[in-house]
Amino acid sequence: MKDKFDHLDKLESQSVFIIREAYSQYRDVALLWSIGKDSTCLLWLVRKAFFGKIPFPVLHIDTTHKFKEIYDFREKYAKEWDLNLVIAKNEDALARGVGPDTGKFECCNELKTVALKQAIAEYGYKALYLGIRRDEHGIRAKERVFSPRDEDFEWDYKNQPPELWDQYKTKAAEEEHIRVHPILGWREIDIWEYTRRENIPVNSLYFAQDQKRFRSIGCETCCGPVDSQADSIDKIIEELKITKISERSGRAQDKESDYMMQKLRSLGYM
Amino acid sequence: MSTDSRTVIVGLDGVPFGMLKKFGETGVMPNTHEIIKNGYFSKLRSSIPEISSVAWSSIITGANAAEHGIFGFIDTHPGTYSMRFPNYTDVKVKPFWEVARGESVIVNVPATYPVRPMNGVHVAGFVAIDFNKSVYPSQLVPLLKDMDYRLDVDASKAHTSMDDFLEDVDKTLDARIAAYRYLWKNQDWQNFMLIFTGTDRLMHFLWCAYADENHKYHELFVDHFRKIDVVIGEIVADLNENDTLLILSDHGFEGLETEFYVNRLLIEKGLLQFNPGTDPNLSNIAYGSKAFALDPARIFINQKGKYPEGSVAPEDRESVITELTAVFSEFEINGKKAIKHIYRKEDVYSGPYIDEGADLILIAESGINLKGAMGAKQMTGKGPFTGKHTLDDAFLLINKKIDAGQLPPTPSVIDAGQYIKSKVS
Ligand SMILES: [Zn+2]
């Protein structure tokens with residue numbers, strides 16, 4: 001077991017380093033909390049980095065279509081962890097009736113992307129912490145590599161090129177804020193092992209009920225559960241060790257890749 | 001410029017300069033011929049590599065790949081060997097319609113899927129998958145479906161029945177024209193962009209029918225261009241004096257003699273290896289491999305720190321480039337050199353995303369089509385394709401003479417994109 005702890009300790013200290021470094025650079029920062037396992041794990045790391053009290057807001061983009069369990073979780077831990085919780089909604093779009101029934105793309109775009117833009121504009125955040133991971137597939141994986149990796153395929157923050165922060169500044173000019181990904185190098189199983197070790201609260205949606213559980217959670221209408229018997233963190237970790245199904249396969253976005261491959265093949269690519 | 005001058009862009013995917021000229025002169029495309037006679041007509045240099053996603057992204061943004069971020073149809077997830085398909089959300093520079101004054105109608109531009117809200121109407125092009133994510137605003141979805149609008153020709157049909165394929169090409173064109181006619185009349189617009197992509201699909205499979213007047217599909221091939229010329233005639237008739245019409249292609253085309261499978265050469269030279277007992281695909285690449293190719297012929301050095309099995313130290317990059325350059329420049333097919341240009345990314349790209357580009361990009365000699373084809377058993381071969389893309393002979397046609405200095409003597413797709421941006425903003 002000692003080895004495992006060393007691995008998690010290393011990930012933790014790398015993430016804490018990035019979290020503190022970004023805060024000292026930008027100050028006007030916020031943590032984007034989707035209330036899923038990754039951003040909750042990130043939130044935990046941020047609490048650790050600042051000794052229990054997060055010195056900046058925690059932003060939740062509320063589409064109003066989240067699972068009830070997500071709202072319950074948010075209220076409970078915002079209070080327990082004394083978070084400066086900022087809830088942002090695209091009120092205009094909601095007033096216009098935008099929702100899953102009016103088209104999933106528009107729904108997602110208006111209620112997530114536009115809502116986030118509005119919040120950034122309103123509160124003037126210069127940097128946002130996001131709990132994305134490199135081994136997630138799908139649309140999020142387009143994020144740039146944060147830093148070079150060493151032989152172990154871990155990223156090595158001490159080996160950052162000096163222009164790292166400059167790179168992020170360049171990006172800021174375009175998007176008007178900087179995205180910081182402190183857990184980019186974590187794998188799904190690392191998240192769970194760390195969650196188990198630290199006793200981080202877990203949303204009940206992740207645990208199997210009636211042979212199904214969610215591997216990633218978001219809006220009620222865009223998430224599908226996967227077949228699973230795992231009703232505890234231990235069982236989830238066991239399941240991850242044997243399964244090869246992609247984490248986001250419950251989400252519609254990745255099925256497109258198969259079609260794209262077929263289309264490209266028919267024209268002689270691939 | 002008067003504020004009500006409009007800009008219309010018609011794209012003919014893959015159509016080479018010489019073909020348009022010939023179809024003009026031989027009466028297949030009389031309306032186009034009129035514009036050629038009275039306007040600006042030039043060869044246009046495609047992107048590197050010369051494929052639609054990269055080239056159209058340059059045309060709509062005026063930027064090179066290291067700025068707009070689209071380097072091919074396929075890439076790897078950063079730091080891994082797993083495949084990803086870059087799409088419109090990866091385009092880092094705003095397309096002209098997001099900086100233009102007034103509303104725009106954008107129909108079938110490749111690499112603009114999935115759509116996002118914009119000022120006007122946007123119907124995405126290749127590779128568009130889900131209809132609902134291909135049309136903005138979504139209210140137009142039922143209307144387009146009523147027109148039997150098709151996002152793209154089903155090219156897989158060409159692999160089983162050429163007749164079925166041609167029927168699909170024709171129906172797709174008809175529906176595209178119906179959609180354009182509807183939007184042209186019923187939508188407010190300042191800028192209108194309409195791309196025909198059936199041209200590229202036809203040329204891939206039936207260049208042979210174009211080249212041979214006795215080919216049984218020759219007339220069907222030519223008819224496709226006649227139909228497009230009718231649309232060009234309609235558009236010209238509806239233009240005001242101040243309006244600008246640009247007709248252009250994203251790359252050229254020529255006959256295909258041989259396919260050259262670039263990864264096979266890397267394997268035979270010992271530069272690319274797979275773990276013993278595994279399939280030859282990128283996820284099984286063995287430590288020690290120096291390079292691999294992604295389509296069409298983008299060579300990535302398997303660099304330490306960049307890839308999980310990366311084995312080339314950064315300080316050895318130059319010597320590996322030298323080695324690869326020697327391998328490719330010496331390679332011959334039937335006694336003739338196969339590779340015409342070996343571009344280093346530093347020489348052809350500049351911008352913030354240059355790290356994501358391939359280290360070397362190969363351009364073939366005439367008649368040779370380059371493919372990654374990791375699983376290929378031989379170095380060369382021939383599939384169902386009779387035509388292939390070319391770099392130097394896309395075209396740009398504008399309905400008026402151009403003031404000196406507005407475009408360089410041999411413009412590229414990037415120049416065309418910058419010209420478009422200057423026109424619409
Ligand atoms: Zn093509």
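In what follows, every chain begins at residue 1, and chains take the letters A, B, ... in the order their sequences are listed.
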Which atoms of V153(B) are under 4.5 Å from chain A, going by heavy atoms: the side chain, the backbone, both sets, or neither?
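Just its backbone gets close to chain A.
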
Roughly how far, to the nearest 0.5 Å, is CG of L151(B) from NZ of K263(A)?
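Here the interatomic distance stands at 8.0 Å.
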
When rounded to the nearest 0.5 angstrom, what distance separates OG in S156(B) from CZ in R265(A)?
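The distance works out to 13.0 Å.
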
Go through F73(B) and L267(A) one step at a time and tell me if the side-chain contact (heavy atoms from CB on, under 4.5 Å) criterion holds.
CA-CA 11 Å; F73(B) 282 117; L267(A) 280 173; over 6 Å; no

Step by step, work out the side-chain contact (heavy atoms from CB on, under 4.5 Å) result for L264(A) and F85(B).
CA-CA 10 Å; L264(A) 290 167; F85(B) 303 93; 3.6 Å; yes

With a 4.5 Å limit on heavy-atom distance, are the side chains of M261(A) and I74(B) in contact?
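SC-SC contact between M261(A) and I74(B) ruled out.
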
When R201(B), E309(B), K94(B), H204(B) are compared by non-hydrogen pairs under 4.5 Å with chain A, the top option:
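Ranked by heavy-atom pairs under 4.5 Å with chain A, first place is R201(B).
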
Can you tell which of I129(B), V141(B), N369(B) has the highest number of heavy-atom pairs within less than 4.5 Å of chain A?
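The residue among I129(B), V141(B), N369(B) with the greatest pair count is I129(B).
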
What's the shortest heavy-atom distance between E110(A) and P117(B), and which atoms?
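Where E110(A) meets P117(B) most closely, the heavy atoms are OE2-CG, 4.3 Å.
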
Which is it for M260(A) and Y113(B) under the side-chain contact (heavy atoms from CB on, under 4.5 Å) test, yes or no, and what are the steps along the way?
CA-CA 11 Å; M260(A) 292 208 172; Y113(B) 174 88; 3.8 Å; yes

Could you walk me through whether S266(A) and H159(B) pass the side-chain contact (heavy atoms from CB on, under 4.5 Å) check?
CA-CA 8 Å; S266(A) 69; H159(B) 298 253; 4.2 Å; yes

